[in-house]
Amino acid sequence: MAQEQQQPNELLQIRRQKMEALREKGIEPYGNKFEAEYYSLEINEEFDRLEGKEVTVAGRLISIRSHGKASFAHLQDYRGQIQIYLRQDQLGPEKYEILDLFDIGDFIGVRGEVFRTRKGEITVEVIDFTYLAKALRPLPEKWHGLKDIELRYRQRYVDLIVNQEVKETFIKRSRMISTMRELLNEWGFLEVETPIMQTVAGGALARPFVTHHNALDIKLYLRIATELHLKRLLVGGLDKVYEIGRIFRNEGISTIHNPEFTSVEIYQNYADYEDMMRITENLIYQIAVKVLGSGKLVFQGKELDLTPPWPRESMIESVRKYSGVDFSALADDQAAFEAARKAGLELDKGLSWGDILYMFFEEFCEEQLLTPVFITGFPVEVSPLAKKMESDPRLAIRFEAFIAGWEIANAFTELNDPIDQRERFEQQISKREAGDDEAHVMDEDFIHALEYGMPPAGGLGIGIDRMVMLLTDNISIRDVILFPTLKPKLLSD
RNA sequence: GGGCCAUUAGCUCAGUCGGUAGAGCACCUGACUUUUAAUCAGGGUGUCCCAGGUUCGAGCCCUGGAUGGCUCACCA
């Protein structure tokens, strides 16, 4: 009994036996290069031209219907599926016998003649076939596919084989990112790469991952933003730069947070946040048009129109609209505190007018912001890298773009006064000393850079994963990241 | 971290009151030369997530744990 339990699963054993039987017949189950002239989709689309002609095509067997001395099967490749027809008369008895060793999941390459069956399906009648790879594990069932969410994430390769809409999502993701690059390059931006491992992790309010460099014997942090290095490049005279890349934050996991995610940050010298608004709405709109074919999309059953220009609303207006509290009429921290108490918000003491305004916004407004909108006028306290408004120094020249209740983009007119920047860092440090381990750390080299003079500039960051979620109608970030972060778990047969 | 839910065959899922573990697909044996959820005849392939406990007896009840999902908290 104990011995029997150590045997591999019967299904796996049978496939291994078939693999050995192939070798006994002199057929290598793991073949070499195969020249497939067509994708399955092309044979279907170009049938009029290809009918009666010989073609080669390769793919994975996803169904087999044997009728004795003739069989039908479907091959799936990167671009669709095509039926193949195998006949003993055509192949000869010896070759046809090999069909007994076919399994769903195997990769084969075929050469054959294109025709249409009685029932009208475009099909390749196989003249010869080559084994490319034997599948030793069975695929999930053809109707229900793979639904188990955990298996889908842990074994994304299987998910991609059997769930075509998953494959589509990731192809779209790739096209969205390449379209973004094309647009930015076209607009004169220079793509750059800055350090992922940093001795100081700044540019955002977040906890970093820590690692260690052995030879230097120093702590290194994985970046939590690309901001501070990109702005150093503005000092260096690179007028328009961007970086698309992975960001790492050592924080909780949720349907909208993965520990590693992808952002784009874009900076332009001599510009301001109004320029960044135009870039934001045009980037996202044009990506939608080019990849999805329309600037209007349906997200979770609701229609969203991404056509620029997007409306603007100040945070104070938004808070007034959704909570009824008018912060422009609240003179000081004490008045704001009272308003929060009346609204039932639980607050720590010592919070400022700006902190409380921001709490109101998060509490009452964010999830209401479904159609695209730029929220402007963020409190300076939560915007330590943005320039202050001249008209109201409690507010920063900053906006966030919201769609479907999610923050999609964050941008500001960059703070380029090194004295002010140092003060902002110092405020952050006192927050950190008070126990906020997500506050910014001092970055002396960044201040040093600003002291050489950074021109006025606009800067913008877009969360690419959330943008892809929005554009592909997915409500979990794990559905737009090929291999989302999961706790490790041993595979078992 | 808290709450709720889930975990049974390769996959998708049933499993009643605590009494020998079920279905469809996949798979295996056989028939079948234009099928397509092919069809027909036959076959159940299992660490019921793990470890304890209660019980004459546990997939089911209890305790603890694991993983995942949702949610709250947290979080640019």
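Within every chain, numbering begins at 1; the chains are lettered A, B, ... in the order of the sequence lines, protein sequences first and strands thereafter.
At distances below 3.5 Å, not a single donor-acceptor pair connects side-chain atoms of A:Thr413 with backbone N or O atoms of A:Asp272. Of the possible polar contacts, one joining the A:Glu243 side chain to the A:Thr194 backbone as a donor-acceptor pair under 3.5 Å is found. With A:Ser40 contributing its side chain and A:Arg79 its backbone, the two residues share a donor-acceptor pair below 3.5 Å. With hydrogens and angles ignored, the 3.5 Å screen pairs no side-chain donor or acceptor of A:Arg422 with any backbone N or O of A:Met442. In this structure a side-chain-to-backbone donor-acceptor pair under 3.5 Å is missing from A:Arg394 to A:Gly354. Put simply, the side chain of A:Asp106 never gets that close to the backbone of A:Lys134: no donor and acceptor are under 3.5 Å apart. Judged by distance alone, with hydrogens and angles left aside, the side-chain atoms of A:Asp103 form no donor-acceptor pair with the main-chain N or O of A:Leu136 at under 3.5 Å.
Rounded to whole Å, atom C1' of B:C75 lies 13 Å from atom CD of A:Glu400. B:U36 atom P lies 13 Å from atom OH of A:Tyr85, rounded to whole Å. Separating the CG atom of A:Leu486 from the P atom of B:A66 is a distance of 16 Å, rounded to the nearest angstrom. Spacing between atom CH2 of A:Trp143 and atom C1' of B:C13 amounts to 17 Å, rounded to whole angstrom units. Distance A:Arg154 CZ to B:A66 P: 14 Å, rounded to the nearest Å. Rounding to whole angstrom units, CZ of residue A:Arg152 and P of B:U12 are separated by 11 Å. B:A31 atom P lies 12 Å from atom CD of A:Gln88, rounded to whole Å. In this structure, CD of A:Glu141 is placed 10 Å from P of B:C13, rounded to the nearest angstrom.
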Detail all sub-3.5 Å separations between protein N/O atoms and N/O atoms belonging to nucleotides 48-50 of chain B.
none

Short heteroatom pairs, N/O only, protein and nucleotides 39-45 of chain B, under 3.5 Å:
{"residue": "B:U45", "atom": "O4'", "partner": "A:Glu10", "partner atom": "OE1", "Å": "3.3"}

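In this view, A:Gln300 and A:Asp473 satisfy the side chain to side chain donor-acceptor pair (under 3.5 Å) rule, not counting sequence neighbours. Applying the side chain to side chain donor-acceptor pair (under 3.5 Å) criterion to A:Lys388, with sequence neighbours excluded, gives no partner residue. Residues passing the side chain to side chain donor-acceptor pair (under 3.5 Å) test with A:Gln427: none are found, sequence neighbours excluded.
The phosphate of B:U35 (OP1 or OP2) has no side-chain N or O of A:Arg65 nearer than 4.0 angstrom. Remark: A:Lys142 is not in phosphate contact with B:A37, judged by side-chain N or O atoms under 4.0 Å from OP1 or OP2. Phosphate proximity of B:C11 to A:Lys147: absent, as no side-chain N or O sits under 4.0 Å from OP1 or OP2. Listed pair A:Lys18 / B:C28 meets the phosphate criterion, a side-chain N or O lying under 4.0 Å from OP1 or OP2. Phosphate contact (OP1/OP2 of B:G69, side-chain N/O of A:Arg478, threshold under 4.0 Å): present.
Of the candidates B:C27, B:G69, B:U33, B:U33 carries the atom nearest the A:His67 side chain, counting heavy atoms from C-beta on. Distances were taken from every side-chain heavy atom of A:His144 (C-beta onward) to each of B:A37, B:U12, B:G69; the shortest belongs to B:U12. When each of B:U67, B:G69, B:C70 is scored by its nearest atom to the side-chain atoms of A:Lys489, the top-ranked nucleotide is B:U67. You'll find that the side chain of A:Leu146 is closest to B:C11, out of B:C75, B:C11, B:U36. The side chain of A:Arg87 sits closest to B:U33 out of B:U33, B:C27, B:C11. With B:U12, B:C28, B:U67 as the choices, the nucleotide that has an atom nearest any side-chain atom of A:Asp148 turns out to be B:U12. Out of B:C28, B:G68, B:U33, the shortest distance to the side chain of A:Glu150 is found at B:G68.
Applying the Watson-Crick and G-U wobble criteria (two distances, each under 3.5 Å), B:U39 pairs with B:A31. Shown here, B:C49 forms a base pair with B:G65; the pair counts as Watson-Crick or G-U wobble because both key distances fall under 3.5 Å. Both distances falling under 3.5 Å, in either a Watson-Crick or a G-U wobble arrangement, place B:G24 opposite B:C11. Look at B:C70: its Watson-Crick or wobble partner, with both distances under 3.5 angstrom, is B:G3.
Nucleotides B:A14 and B:U55 place their P atoms 32 Å apart, quoted to the nearest Å. Across the C1' atoms, B:C27 and B:C70 are found 35 Å apart, a figure rounded to whole Å. Taking atom C1' on both nucleotides, B:U45 is separated from B:A37 by 22 Å, rounded to a whole Å. Rounded to whole Å, the separation between the P atoms of B:A21 and B:U47 comes to 14 Å. Taking atom C1' in both B:U36 and B:C5, the straight-line distance is 39 Å, to the nearest Å. Remark: the separation of the C1' atoms in B:C32 and B:G19 is 45 Å, to the nearest Å. When the C1' atom is compared between B:C13 and B:C17, the two are found 23 Å apart, to the nearest whole Å. Nucleotides B:C74 and B:G59, compared at atom C1', are 37 Å apart to the nearest Å.
Within 3.5 Å, a donor on the side chain of A:Gln83 pairs with an acceptor on the base of B:U35, or the reverse.
Both A:Arg398 and A:Pro140 lie near RNA chain B, and the one whose nearest nucleotide falls closer to the 5' end is A:Pro140. Each of A:Ile475 and A:Ala206 was matched to the nucleotide of RNA chain B holding its nearest heavy atom; the match closer to the 5' end belongs to A:Ile475.
A:Lys167 and A:Gln164 are linked by a side-chain donor-acceptor pair at a separation below 3.5 angstrom, with hydrogens and angles left out of the test. Counting only N and O atoms by type, the side chains of A:Tyr267 and A:Glu265 include a donor and acceptor under 3.5 Å apart.
Shown for residues 114-123 of chain A: residues whose heavy atoms fall under 4.0 angstrom of RNA chain B, namely A:Phe115, A:Thr117, A:Arg118, A:Lys119, A:Glu121.
Taking the six-membered ring where tryptophan is involved, the planes of A:His440 and A:Phe425 are tilted, since the angle between them lies from 30° to 60°.
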